[in-house]
Amino acid sequence: MKFFLDTASLDEIRNAAAFGIADGVTTNPSLIAKEGNVDFKEHIAAICKIVCGPVSAECTSEDAEGMISQGHDYAKIAPNVVIKCPLTREGLKATNKLSSEGIKVNVTLCFSAAQAILAAKAGASFISPFLGRLDDIGENGLLLLQDIIEVYRPYDWKTEVLAASIRNPIHAIEAARMGADIAIHGGRPPRDVSLHFHTDPSEARYIIDVHGPTPLHGITTRVGYDVRTCSAAVMAASQASGTSVLSEVRALYRGHQKAIERFRSIGVDIALAKIKSFSRSGT
Ligand code: E4P
């Protein structure tokens, strides 16, 4: 399964590329707007310099003629640009025309298997069912994804199924299990999904096994911004060192007080704690 990034942030794209999870990019007008006052075409060109795979540039016209004209314009930006058209009647007309000219189209805003069939018939290279937005209204986006994959299977349509509007790792795991061609992600999975409650404690134990049990002067948890992960690392280190006194704990926590209370509750006294606040906003 390929991973396409759902972001227009050049930093996020570079970061994900370093993890090998930037097979393509699917921007949309809202994501481009978040980047501030950037020139649309220059920004898409900058993304295409980082990522060799398909980069979606979304049309903002509402009629087929306008979308076709924007499609022609955007397709000149770079050879890997894909034109994103909405799954409206006008969007399908534009998809049919652009794909007949050899321009790849990602048909977006798909909410039913019937729509997905029409997109495939129009020649879409990608169909983007929006999982999260269906979940948001109490429906099941994964069922739609399953439907589309099953409906497409007997045919030789060249349309790749792109699981879009993904909200959580379960969406991505289930999309992989079902055999979706592509899953979208928002640029942060390397930090969020790679975390596991057991990883830091296990690493701390290995470090202590190698460097000796006592005295223990410092632990650095590199990814422990979750207080539960950090405290588990400290507890493991404390047990392995045979002391409940750690002279220095350096870690990243969401809140000082919460971290200190948690350490006390597991019997660890912190003589010197260098605790750096950390939140998703980076403060
Ligand atoms: C896909 O092409 C869209 O840009 C995206 O997945 C929309 O996701 P959202 O529902 O989180 O806005």
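Whatever order the structure lists ligands and atoms in, that order sets their numbers, starting from 1. These numbers come from the heavy atoms of this one structure, side chains and all, not from hydrogens, waters or symmetry mates. None of these values were measured; they are calculated from a predicted model. Just so you know, residue 1 is the first one in the sequence shown, and it goes up from there.
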#### Entry: Asn106-ligand 1 polar pair, N/O distance under 3.5 Å
no
### Task
Check for a donor-acceptor pair, side chain of His43 on one end and backbone N or O of Glu35 on the other, with a separation under 3.5 Å.
no
### Query
Is there at least one pair of N or O atoms, one from Ser165 and one from ligand 1, spaced under 3.5 Å apart?
yes
### Query
Taking 4.0 angstrom as the limit, do Arg14 and Asp11 come out as a salt bridge?
yes
### Task
Please check if the side chain of Thr159 supplies one atom and the backbone of Ser125 the other of a donor-acceptor pair under 3.5 Å.
no
### Message
Distance under 4.0 Å to a non-hydrogen atom of Ala164: what atoms of ligand 1 satisfy this?
### Response
1 (C), 6 (O)
### Donor-acceptor under 3.5 Å (Asp135 side chain, Gly141 main chain)
yes
### Query
Given the rule that I, L, V, M, F, W and Y join up when any side-chain heavy atoms are under 4.5 Å apart, are Ile184 and Leu10 in one cluster?
no
### Task
Could you tell me how the ring of Phe126 sits relative to the ring of Phe4: parallel (under 30°), tilted (30 to 60°) or perpendicular (over 60°)?
perpendicular
### Query
When you measure from atom 11 (O) of ligand 1 to every protein heavy atom, which one gives the shortest distance, and what is it?
Arg167 NH1, 2.7 Å
#### Entry: Close-contact set for ligand 1 against Asn28 heavy atoms, below 4.0 Å
3 (C), 4 (O)
### Message
For the backbone of Val51 and the side chain of Asn80, can you confirm whether one donor and one acceptor N or O come within less than 3.5 Å of each other?
### Response
yes
### Message
Which residue and atom name correspond to the protein heavy atom nearest atom 5 (C) of ligand 1, and how close is it?
### Response
Asp6 OD2, 2.7 Å
### Message
Using a 3.5 Å cut-off on N or O atoms only, is Ser128 in polar contact with ligand 1?
### Response
no
### Query
For atom 7 (C) of ligand 1, what is the nearest protein heavy atom, given as residue, atom name and distance?
Phe130 CE2, 3.5 Å
### Message
Give me the nearest non-hydrogen protein atom to atom 2 (O) of ligand 1 as residue plus atom name, then the distance to 0.1 Å.
### Response
Lys84 NZ, 2.7 Å
### Query
Can you list the ligand 1 atoms lying under 4.0 Å from a non-hydrogen atom of Ile184?
1 (C), 2 (O), 6 (O)
### Query
If you count the atoms of ligand 1 from 1 in the order shown, which ones are under 4.0 Å from a heavy atom of Arg133?
7 (C), 9 (P), 10 (O), 12 (O)
### Query
If you measure from the Lys or Arg side-chain nitrogens to the Asp or Glu carboxylate oxygens, is any gap between Lys93 and Glu90 under 4.0 Å?
yes
